[in-house]
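Treat the numbers as computed from the prediction; the structure is a model and nothing was measured. In the text below, chain A, chain B and the rest are named by the order of the sequence lines, each starting its count at 1.
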Amino acid sequence: MAKKTSASPEMEKMRHSCAHVLAQAVLQMFPEAKLGFGPAIENGFYYDFELPRTLIPEDLPLIEKKMKHIVKQNQKFKKYEKPIKESITFLDKINQDYKVEAANDLAKEGHDTIKFFENVDQKGQGTFVDMCEGPHLESTGKLGAYKLTHTAGAYWKGDEKRPMLQRIYGVCFATQKELDEHLKKLEEAKKRDHRKLGTELELFTFDEEVGAGLPLWLPKGAYIRHKIMEFAFNTYLANGYDPVCTPHIANVALWSHSGHLDFYGDSMYGSLTIDEEEYRLKPMNCPFHVKMYNNTTRSYRELPFRWTEMGTVYRYERSGTLHGLTRVRGFTQDDAHIICRPDQLKEELRKALDLTLFILKTFGFEDIEMNVSVRDPENKEKFIGDDKRWEQAEDTLKEVLEESGFKDYVYDIGGAVFYGPKIDVKVADSIGRMWQLSTIQFDFNLPERFGMTYVGEDGNDHVPYMIHRALLGSLERFMGVLIEHYGGAFPAWLAPTPIVFIPVAQTHEKYAEEIMEKFKKEGIRAEMYPATDTLGKRIRAAEMKKIPYMAVIGDKEVEGKSLAIRDYKTKKQNSYPAAKFLKQLEKEISQQQ
RNA sequence: GCCAUCGUAGCUCAGUGGUAGAGCACACCCAUGGUAAGGGUGGGGUCCCGGGUUCAAAUCCCGGCGAUGGCUCCA
């Protein structure tokens, strides 16, 4: 989930002021506490501390109580500036080691003075002082609604080699109403959590004995995953791609040649010995596709190649980074490599972008943010490949985006991978959270390393452009995002069971069975909930499984050869002639395939 | 990997040193029901794994594995 800070300067001021109030409260509780940084963040703030003991959840209400008291005192935020030397001496005197270090950093950057904010109570007494750039509210009484949410460890200066401090997170809004709305939104997000829904809807599971980060797809989840994969793959084939297929392991020589062993060896799984040769699990599909390209002499007439593969790769992710389906150790990419001539570059990028938009829109992602990552011109040596190619690639990426109407893309200078510039596509889900899904990347590394060429019109060898693209990203991650986007209520074309038949009583089961068979015959996956439980209970069960359509069958339906359809989305009920609804559902399902 | 918290039935969870529990789910019986939980009976547990302390460990201690919230990382 991307973190965007879009708060107004006023809110940032309030949130940062709230962090100061928190720091003062913590110092009251632990006078020996050492302060780190305490900035405003999206929806709130945090402050880092070195404390004599570990905080427990019960500490937060106590700290909040002290904060309330500080707010009530309506302390003024008083700003002043001191020469840097004097400041460092002062910070050293009050034993704020981290602040001393931060002040020394500022000195190195050429600052002559340091700004401070001091809290002063109604009697004019100083209660708390912090080295700080500001700005702040006029006084603590102006603070809106806030709440401390949780604690976590965080490295000093974000450096894993430095000490770990205790971070206290809080949320802060101008009014209690906004705070409540925010907390409600968090509740909603919790309900949609794909890990929770994955268990409830029997989509996937993990098993300790299998290993961390290795999802097991249960039948219903595997069906959805399959449908997504089938849809994507068929769409690619219909758009000029050719399928390829490659193994899961390869001789270590390949990874050595490709450079993966040198650059990403830490993320690759250990060796397998086969006939005294070392093999490795693949972390990427690229080198295989390159090898297939190099399989024979290529002519300029053949290009472009668009080779796609649902490639399962394995990467070592550090244990603390694993998260449900969105960060796993084995996953399948809807991978493809486009190999083309310079004169085809723009057209190929345009096509790839159009395809991306089509795929994302099919799944109901309408709010799309483009990110262009280019090389840092100041640090060219960190990037492989010649200037001319980088410039053409970067310019073409920008042109294609702008021509497609994405004028205000996010431009990340220096954000490119060492082997080429790229476009990353982020989408907003149904409750507004941003997720990075698609990626379109240039690769200047592999063509060079593997000597990829084609014979040009002039009879000479030329190096082609290679574009790596994955539109869903990884099936696992995409499924995780999609579960949360739909809140588990998949549309009929993806639902493992689009319709369930519910006979009112046992006497209606035979008719229900007959109708269900007609649906099944047309390829619609249907289930029946026989009358072993009360009607209400079976309706409830279908609701909880978020089944798109329920067909209730009683005397009326048997008599009129109709179905009482309850729609999950609208919660409305309508009666349809059975044959008519079958056609309608069939159409709804096939539209997306 | 780091910091913190957690790991008890398929799921959600209670159980603080003395014979392992509830609700839901599941099976069976009764009830034959018209749009979100009818009633009864029953089966189900290496209390994550290994070691230690103790007469006695789900419970206390140590190590490992896994999960959660963050940090760092994500080609």
Sequence-distant partners of Glu309(A), salt bridge (Lys or Arg N to Asp or Glu O under 4.0 Å), two or more places apart: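 Salt bridge (Lys or Arg N to Asp or Glu O under 4.0 Å) list for Glu309(A), sorted by chain: Lys282(A).
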Residues forming a salt bridge (Lys or Arg N to Asp or Glu O under 4.0 Å) with Lys572(A), sequence neighbours excluded: none
Between [N] ([atom2]) and [X] ([atom1]): distance, integer Å:
{"X": "Asp48(A)", "N": "A4(B)", "atom1": "CG", "atom2": "P", "result": "15 Å"}
{"X": "Trp156(A)", "N": "U72(B)", "atom1": "CH2", "atom2": "P", "result": "13 Å"}
{"X": "Glu42(A)", "N": "G70(B)", "atom1": "CD", "atom2": "C1'", "result": "15 Å"}
{"X": "Met550(A)", "N": "U35(B)", "atom1": "CE", "atom2": "P", "result": "13 Å"}
{"X": "Leu60(A)", "N": "A4(B)", "atom1": "CG", "atom2": "C1'", "result": "12 Å"}
{"X": "Asp159(A)", "N": "C2(B)", "atom1": "CG", "atom2": "C1'", "result": "12 Å"}
{"X": "Ile168(A)", "N": "A4(B)", "atom1": "CD1", "atom2": "P", "result": "15 Å"}
{"X": "Ile56(A)", "N": "C6(B)", "atom1": "CD1", "atom2": "C1'", "result": "15 Å"}

side-chain N/O Tyr169(A) vs C71(B) OP1/OP2, d < 4.0 Å: yes
Presence of Thr321(A) side-chain N/O under 4.0 Å of C73(B) phosphate oxygens OP1/OP2: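 No, outside the criterion.
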Out of [options], which nucleotide sits closest to the side chain of [X]?
{"X": "Pro283(A)", "options": "A75(B), U72(B), G34(B)", "value": "A75(B)"}
{"X": "Lys537(A)", "options": "G34(B), A25(B), A36(B)", "value": "A25(B)"}
{"X": "Asp555(A)", "options": "G34(B), U32(B), A75(B)", "value": "G34(B)"}
{"X": "Arg327(A)", "options": "C74(B), U32(B), G70(B)", "value": "C74(B)"}
{"X": "Gln441(A)", "options": "A75(B), U72(B), A36(B)", "value": "A75(B)"}

Pairing residues for Glu381(A) by the side chain to side chain contact (heavy atoms under 4.5 Å, CB included) criterion, not counting sequence neighbours: Asn379(A)
Side chain to side chain contact (heavy atoms under 4.5 Å, CB included) partners of Pro447(A), counting only residues at least two apart: Asp443(A), Met452(A), Val463(A), Met466(A)
Distance-only donor-acceptor test, Gln166(A) side-chain atoms vs G70(B) base atoms, 3.5 Å: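 Looking at the base of G70(B), it does not pair with any donor or acceptor on the side chain of Gln166(A) (distance under 3.5 Å).
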Base G70(B) paired with Tyr155(A) side chain (donor-acceptor, <3.5 Å): no
Sugar-phosphate, base or nothing in reach of Gly554(A), heavy atoms under 4.0 Å: base
Side-chain donor-acceptor contacts of residues 203-222 of chain A below 3.5 Å, not counting sequence neighbours, with atom names and distances?
{"residue": "Asp207(A)", "atom": "OD1", "partner": "Glu209(A)", "partner atom": "N", "Å": "2.7"}
{"residue": "Asp207(A)", "atom": "OD1", "partner": "Val210(A)", "partner atom": "N", "Å": "3.3"}

Looking at [N], which nucleotide sits across from it as a Watson-Crick or G-U wobble partner, both distances under 3.5 angstrom, or is there none?
{"N": "G34(B)", "value": "none"}
{"N": "A58(B)", "value": "none"}
{"N": "U12(B)", "value": "A22(B)"}

Base versus backbone protein contacts along nucleotides 60-69 of chain B [heavy-atom cut-off under 4.0 Å; B, S, -]: -----BSSSB
Residues in contact with RNA chain B, drawn from residues 563-578 of chain A - heavy-atom cutoff 4.0 Å: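 Ala564(A), Arg566(A), Gln573(A) - these, ordered by number, are the residues of the stretch whose heavy atoms sit under 4.0 Å from the strand.
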Residues that His16(A) engages under ring-ring contact (aromatic ring centres under 6.0 Å, His included), provided they are two or more places apart: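 Once residues adjacent in sequence are excluded, the partners of His16(A) under the ring-ring contact (aromatic ring centres under 6.0 Å, His included) criterion are His20(A), His136(A).
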Which pairs of donor and acceptor atoms, one on a side chain in residues 322-336 of chain A, lie under 3.5 Å apart (sequence neighbours left out)?
{"residue": "Thr326(A)", "atom": "OG1", "partner": "His323(A)", "partner atom": "O", "Å": "3.1"}
{"residue": "Arg327(A)", "atom": "NE", "partner": "Glu317(A)", "partner atom": "OE1", "Å": "3.3"}
{"residue": "Arg327(A)", "atom": "NH2", "partner": "Glu317(A)", "partner atom": "OE1", "Å": "2.8"}
{"residue": "Arg329(A)", "atom": "NE", "partner": "Glu317(A)", "partner atom": "O", "Å": "3.0"}
{"residue": "Arg329(A)", "atom": "NH2", "partner": "Glu317(A)", "partner atom": "O", "Å": "2.7"}
{"residue": "Thr332(A)", "atom": "OG1", "partner": "Arg225(A)", "partner atom": "NH2", "Å": "3.0"}
{"residue": "Thr332(A)", "atom": "OG1", "partner": "Thr312(A)", "partner atom": "OG1", "Å": "2.8"}
{"residue": "Gln333(A)", "atom": "OE1", "partner": "Asn285(A)", "partner atom": "ND2", "Å": "3.3"}
{"residue": "Asp334(A)", "atom": "OD1", "partner": "Leu471(A)", "partner atom": "N", "Å": "3.4"}
{"residue": "Asp334(A)", "atom": "OD1", "partner": "Leu472(A)", "partner atom": "N", "Å": "3.1"}
{"residue": "Asp334(A)", "atom": "OD1", "partner": "Gly473(A)", "partner atom": "N", "Å": "3.1"}
{"residue": "Asp334(A)", "atom": "OD2", "partner": "Tyr236(A)", "partner atom": "OH", "Å": "2.5"}
{"residue": "Asp334(A)", "atom": "OD2", "partner": "Leu471(A)", "partner atom": "N", "Å": "3.1"}
{"residue": "Asp334(A)", "atom": "OD2", "partner": "Leu472(A)", "partner atom": "N", "Å": "2.9"}
{"residue": "Asp335(A)", "atom": "OD2", "partner": "Asn285(A)", "partner atom": "ND2", "Å": "2.7"}

Close aromatic pair by centroid cut-off 6.0 Å: Tyr47(A) and Phe45(A):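 Centroid distance Tyr47(A)-Phe45(A): not below 6.0 Å, so no.
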Nearest heavy atoms of Ile413(A) and Pro377(A), plus distance in Å: CG2-CD, 3.9 Å
Heavy-atom pair with the smallest gap, counting every atom of Tyr269(A) and Arg280(A): O-CD, 3.2 Å
